[in-house]
Amino acid sequence: MKYYKTAAFLSAAAAMLLSLQASAEDGTYMASAHGNNGPVYVTLQMKDDEIADVQVDENLETPGLGAAAALEMGEKILSEQSLSVDTVAGATISSRAVLEAAALALETAGYSPEDYKNAPAEMTAEEKNTDVVIVGGGLAGMVSAVRAAQEGVSVILIERSGVLGGEARYAMGWISGAGTNIQESMGIEDSPELFYEDIVGFADGEENLNVPTAKYYTENSGAAIDWLQENGVAFKEELNPGIYDPMSVLRVAWGERMGQSLVAGMQEKLDAYTGDGQVEVLLNTSVNELLTDENGAVTGVKASDGNNHEITVHAGSTILATGGYEANEEILSGMFENVVRSFMTTSDGSTIELAKQAGAGLHDMDYNAVNGGVLPNDGFYSNIYMDTTYGGLIYVDVNGNRVFDEMTQRNIIRSNAWVDAPENTLYAILTEDMIDRETPILSQGNAWMSTKDTEYALFDELTEQGELIVKADSIEELAEKTGLSGLPATVESYNEGAADGKDEQFGRTEKLEPLTDGPFYAIRTIPYCGWAAGGPMANENMEVLREDGSVIPGLYVAGEGAGFTLVSGKTPISGMYLGMASTFGIDAAVHAAEFAQKQ
């Protein structure tokens, strides 16, 4: 099975499948749907109106998690002869992909998928009361629940999937903070003031920061890491300066088992609180509405567990911890002409949608930092990535002009190259001599856990197709094939400087190699969104604000859903997301508990 099918191929395949829909008849039918890391193909064998067999083909879902869940879903569909089967806990996206693909296969066979679904259960309802209700059971929600419980209040934690931890379960486990016990044990001197200076530099000036929240983060993130350690999280006895703009000191801590260590530590604490009844956890339950009183204060939530069972939770305080919007195509399409979703598929913008119900103002929703280097093989779900600093390549926009120093490590410069480019598209230009077939240039799958194209099968296939990778014997021919009209002049100017070891245009000094001998390649790339810049307006207490800056009583936000610009302006920093989950999770919990106790 080749996983690098282009969007055009998939569209043609879809049209072919639709053309086959006639009367229901026995046979074997295949269809696909988008999973977490790429398409998931399901083959159904139909006989006498029954599902005789279900095969889930090899796919790019995470081994041991999404891939295993996809196989399990196929077995469930076959054994129960139904599409109304429960998704696998912790692998909702992969599970749903199997269900969607199976439904398409049934339609292809001429059957109605509705005939293979159980009748909905009768509607039921219940009401609950608590001091603090937390929406979202990722790391921010787990931290908030533990910290609020430590303040002595009752807590209900609601998570729409079947397992807690969210994207932190797959994260590298990096978290940044200044003045930590880990730093002290390693003899590293650091301070919140130095951390803040670094962030000011990363943001190109204090005027580009939300100063109160940025200072709150730098002053409290170190204590948050210490708190995590004190509450059972195991960290490695090592630190690093980060993978984006490097910190001035070793400041980024690392979970002993990456993100799993942070989740495991919080899970153990939560288990203790749920055991004594102080915290209740509702899994497979989605919040769809905030409750408000006549004064606009938030007084709880309405939720559903998917089985026609509605749960109304009355609470003194509500914390939103459902992540950002990196997987929300509608939101991102308002910022970009071309962009790919993040691997963080649960970050669907629900924090923003719920906050808006209570009248929240939003900040920084007209911009988002990105990572470049995605080959658009499948629109918003594209999953082919390139090494963005490979060899001596240069990047040009759709007009054939260079736009930045391709080897810079400044995250904001690299991000803005794709953000500001026409059509958000840059072409990587390189020569055959620059390609080392021992070092893959492409990978496919999840951006952080992708499969490298070690045999160059993907590269060669895309080159043969001539759409995403174009090959030519001369720069002039390459310009003609790609429409990059300014490419010959750009390469001529670049080569003149590179031959003298100079880049007069952008000052590049690394891998400054002339592009002289062909064949030449042009690789079309667009950006993917790995972070959410914006979110509900909030102050340093994590209280959600209205557009006029007034506080919405009883409503708080925690984690990446708050938007990274509250910390670092227009550029993300290493260890920030787990840091926001922890620092702002603690902050929101303390203030939410205090507010609830006053009600």
Side-chain angles (χ1 to χ4, degrees), residues 89-90 128-171 173 175 177 180-182 220-221 223-236 253 255-285 287 300-301 303 305 311 313-322 542 556 558-559 578-597:
K128 294 176 178 287
N129 293 281
T130 190
D131 292 320
V132 177
V133 61
I134 301 168
V135 185
L139 183 63
M142 297 177 79
V143 166
S144 293
V146 171
R147 188 65 188 89
Q150 290 175 341
E151 291 294 303
V153 298
S154 59
V155 178
I156 292 179
L157 175 61
I158 303 176
E159 165 58 34
R160 67 181 174 184
S161 75
V163 65
L164 298 177
E167 302 295 349
R169 289 175 293 140
Y170 317 116
I175 179 170
T180 64
N181 291 333
I182 301 174
N220 292 277
S221 53
I225 294 175
D226 293 344
W227 179 87
L228 288 171
Q229 273 194 302
E230 294 163 2
N231 285 276
V233 173
F235 287 98
K236 295 182 179 182
E256 191 173 73
R257 292 184 296 112
M258 300 191 290
Q260 288 281 2
S261 290
L262 284 79
V263 174
M266 290 295 95
Q267 184 70 65
E268 186 174 349
K269 295 296 290 186
L270 267 180
D271 288 345
Y273 285 115
T274 56
D276 65 20
Q278 189 176 351
V279 174
E280 181 179 5
V281 177
L282 304 178
L283 298 177
N284 296 307
T285 303
V287 172
V301 302
D305 66 2
I311 305 167
V313 179
H314 303 282
S317 298
T318 300
I319 299 175
L320 300 179
T322 58
M542 289 298 103
Y556 302 80
L578 298 184
M580 291 174 65
S582 304
T583 306
F584 291 157
I586 292 171
D587 188 19
V590 170
H591 289 96
E594 180 182 5
F595 183 85
Q597 288 170 327

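In what follows, residues are counted from 1 in the order of the sequence shown. Here the structure is a predicted model, which is why all the values come from computation and not from measurement.
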> Got Ile182 and Lys236 here, is their nearest side-chain heavy-atom distance under 4.5 Å?
Replying inline: no
>> Less than 3.5 Å apart, any donor N or O on the side chain of Thr583 or Ser221 sitting next to an acceptor on the other?
In response: no
> Are Leu228 and Met266 close enough, and set up right, to give a side chain to side chain contact (heavy atoms under 4.5 Å, CB included), and what steps lead you there?
Replying inline: CA-CA 8 Å; Leu228 288 171; Met266 290 295 95; 4.1 Å; yes
> Under a 4.5 Å cut-off applied to non-hydrogen side-chain atoms, are Gln260 and Arg169 in contact?
Replying inline: yes
> Do you know which two heavy atoms are closest between Ala558 and Gly585, and how far apart they sit?
Replying inline: CB-CA, 3.8 Å
>> Within this structure, what is the CD1-OG1 distance for the pair Ile158 and Thr130, rounded to the nearest 0.5 Å?
In response: 9.5 Å
> What is the distance from atom CD1 of Ile156 to atom OG1 of Thr318, rounded to the nearest 0.5 Å?
Replying inline: 10.5 Å
> Can you check whether Gln597 reaches Asp131 side chain to side chain, under 4.5 Å on heavy atoms?
Replying inline: no
>> I'd like to know if the side chain of Ser261 and the backbone of Gly255 have a donor-acceptor N/O pair within less than 3.5 Å.
In response: no
> Is the closest side-chain heavy-atom distance between Asn284 and Asp305 below 4.5 Å?
Replying inline: no
>> For Trp227 and Val146: C-alpha separation, side-chain torsions, deciding distance, then whether side chain to side chain contact (heavy atoms under 4.5 Å, CB included) applies.
In response: CA-CA 11 Å; Trp227 179 87; Val146 171; 3.8 Å; yes
>> Counting C-beta onward and ignoring hydrogens, is there a side-chain heavy-atom pair between Val132 and Tyr556 closer than 4.5 Å?
In response: no
> Should Val143 and Leu262 count as side-chain neighbours, where that means a heavy-atom distance under 4.5 Å?
Replying inline: no
>> If I compare all heavy atoms of Val279 with all of Ala145, which pair ends up nearest, and what's the gap?
In response: CG2-O, 4.4 Å
> Which value, rounded to the nearest 0.5 Å, describes the distance between Arg160 atom CZ and Thr285 atom OG1?
Replying inline: 12.0 Å
> When rounded to the nearest 0.5 angstrom, what is the spacing between CD in Gln150 and CD1 in Ile586?
Replying inline: 8.5 Å
> Can Thr180 and Asp226 be counted as having a side-chain donor-acceptor contact under 3.5 angstrom?
Replying inline: no
> Minimum heavy-atom separation for Ala168 to Leu578, with atom names?
Replying inline: CB-CD2, 4.0 Å
>> Would you say that Glu159 contacts Val281 through its side chain, given a criterion of any heavy-atom pair below 4.5 Å between the two side chains?
In response: no
> Does the side chain of Met142 come within less than 4.5 Å of Gln267's, by heavy atoms?
Replying inline: yes
> Shortest non-hydrogen contact from Ala171 to Met258?
Replying inline: O-CB, 3.5 Å
>> Let me confirm one number: the CG-CG distance from Leu283 to Leu164, rounded to the nearest 0.5 Å.
In response: 5.5 Å
> Is it true that a side-chain atom of Ser144 and a backbone atom of Ala589 form a donor plus acceptor pair closer than 3.5 Å?
Replying inline: no
>> Please report the interatomic distance CG(Asn181) to CD(Gln229), rounded to the nearest 0.5 Å.
In response: 6.0 Å
> Checking side chain to side chain contact (heavy atoms under 4.5 Å, CB included) for the pair Ser582/Ile225: CA distance, chi angles, key distance, verdict?
Replying inline: CA-CA 8 Å; Ser582 304; Ile225 294 175; over 6 Å; no
> Do side-chain atoms of Gln278 reach the backbone of Ala149 as a donor and acceptor pair under 3.5 angstrom?
Replying inline: yes
> What's the shortest heavy-atom distance between Ala148 and Val153, and which atoms?
Replying inline: O-CG2, 3.2 Å
